[in-house]
Amino acid sequence: MTTVRTRFAPSPTGFLHVGGARTALFSYLFARKHGGQFILRIEDTDLERSTPESVNAILEGMTWLGLDYDEGPFYQTQRFERYQAVIDELFDKGLAYRCNCPKERLDKLRERQMAAKVKPRYDGHCRGKSIDPSEPHVIRFSNPVEGMVVVDDRVRGRVAFNNGELDDLIIRRSDGSPTYNLTVVVDDAEMGITDVIRGDDHLGNTARQINILNAWGKEPPRYAHLPMILGEDGSRLSKRHGAVSVIAFRDQGYLPEALLNYLVRLGWSHGDQEMFSVDDMIELFDIGAVNKAAASFDYAKLAWLNQHYIQHGDTKRIAHLLSPHLGHLDIDPSAGPDLTAVVEAQAPRAKTLAELAEISTFIYRDFDDYDPAAAKKHLRPVAREPLVRMRAALELLALEDWQPELLHHQVDQVAAELELAMGKVAQPLRVAVVGRAASPGIDVTLHLVGKEATLRRIDRALAFIDARAAQA
RNA sequence: GCUCCCUUCGUCUAGCGGUUAGGACGCUGGCCUCUCACGUCGGUAACAGGGGUUCGAAUCCCCUAGGGAGCGCCA
């Protein structure tokens, strides 16, 4: 039995988007599941549009997702001699031919075909003509004229194409460079790719590629064409739907395991299971169980998964990943409490790391203004007494006693002394210290804010209440 | 226009001839509770339409409708 070898073959004309990431993931999983190899190949034969920046962006995305490859990255631009050799071979065997049809003829042909309501395709005009290699020309593959090509696809099943529908595609441009369908075929064959997993926009190409493979005398790999990922409105996923670059997800505070988990469930499932670690995926993934229909990207569900992983992931690691997001808010995490304590306290209320950072700013610096609704509701004259009492009680607390348990006790005490419900004391205190009505438990909140800032902010709240009373 | 493909709650999906059509996200009601969350219990909501085949169809076949992809000297 031959070893399974899959590849991910992006063209470096932009960042790594989630559709590509899912294709890469499925290829990766298939290889890992079968104990095979996963290969990365950069298809940069389009010199006009390929950029080194894009290559870096793709590599960065793969690394962030943890989709490690066993071989590569290979660059097609470094394999031009191989492609030329195969083109020559096909030409010498009469399986390809020179064509010098001018653009005008091709345009007219196409026009006529459209008018006749037939599929536009090259008519094989130059087949059998002997064209001098010194004059400008391209080389076309002689596609079989009769018969059918059958793609035995792992997700689509058997898909048949009539050879009459396929035309003689160009395999070498007039500038001498090879084209996509040729390079893919050569690389997949020579890199020993056993299973090609790619987007279903390639289904049509597959028929052509199988024909080239057959002519060249190579065994075609097995194919699996994945359905597309659509935006929330059902149209092709694009930037206008939201983030599509995996790096953008990272920068917005998504965890790679959350994105991977979300992606694996797009078109694939294992019973009712929703949570999958990468190890789970490798164990359970089944390419044959992939759906045929396109799926819409649901940002809300991704957010739910992300929250789950923020909440249940290793606290130290989450803290580490949170750090740069605090930095973006001009916060120096080392100037505050232990970051893991912040993560533990806030994780249940953040869907992204960016959000986690945002709702934690009060821990590091005084807030600018009170949330109007919160201030109106809780910083009223009735709150004055509880706040004064709290301040007095807290001031007596030694720095080393500034711990959640003792802080909780203080709030309890004041509430009991004033015969007030816990909330009547805790809420004004919370708004005073946080600036808004939502935060972790009041004990944890006070602990994270620290004694000095807590007392300062209570004073500020008292002044606020007095000023408001004077105004009324 | 032509070729190929797809169609179960709003979304991701389970289902593979007999189910009260299940789960998850979202939305929503209760509980928990110092707030917001988390958690937990419940609710809402789907087989695109029409013909067959069959004792019996979400499941098999055909047609219609809707959607998608491809038809480059792009990949």
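Because the structure is predicted, anything quoted here is derived from the model rather than measured. All chains are named by letter (A, B, ...) in the order of the sequence lines, taking the proteins before the strands, and each is independently numbered beginning at 1.
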Could you please name the option among B:A75, B:U13, B:G26 that lies closest to any side-chain atom of A:T179? B:A75
Within residues 109-124 of chain A, which residues have any heavy atom lying less than 4.0 Å from an atom of RNA chain B? A:R110, A:K117, A:K119, A:P120
Under 4.0 Å, counting only non-hydrogen atoms across every strand here, what does A:R172 touch: a base, just sugar-phosphate, or nothing? nothing
Does A:V138 or A:H308 map to a spot on RNA chain B nearer the 5' end, using the closest nucleotide for each? A:H308
Please work out if A:D44 contacts a base, only the sugar-phosphate, or nothing of the nucleic acid, heavy-atom cut-off 4.0 Å. nothing
Within the 4.0 Å heavy-atom criterion, would you say A:H225 contacts the bases, only the backbone, or no part of the nucleic acid? nothing
What string of B, S and - do you get for nucleotides 32-38 of chain B, 5' to 3', when a contact is any protein heavy atom under 4.0 Å? --BBBBS
Look at the side chain of A:W304 and decide which nucleotide, out of B:G26, B:C6, B:C5, has an atom nearest to it. B:G26
Which comes earlier along RNA chain B counting from the 5' end, the contact point of A:H202 or that of A:S296, where each point is its nearest nucleotide? A:S296
For A:E165, which contact category applies under a 4.0 Å heavy-atom criterion: base, sugar-phosphate, or nothing? sugar-phosphate
With a 4.0 Å cut-off on heavy atoms, is A:S174 in touch with a base, just the backbone sugar-phosphate, or nothing at all? base
Respond yes when some side-chain nitrogen or oxygen of A:T45 is under 4.0 Å from OP1 or OP2 of B:A75, and no when none is. yes
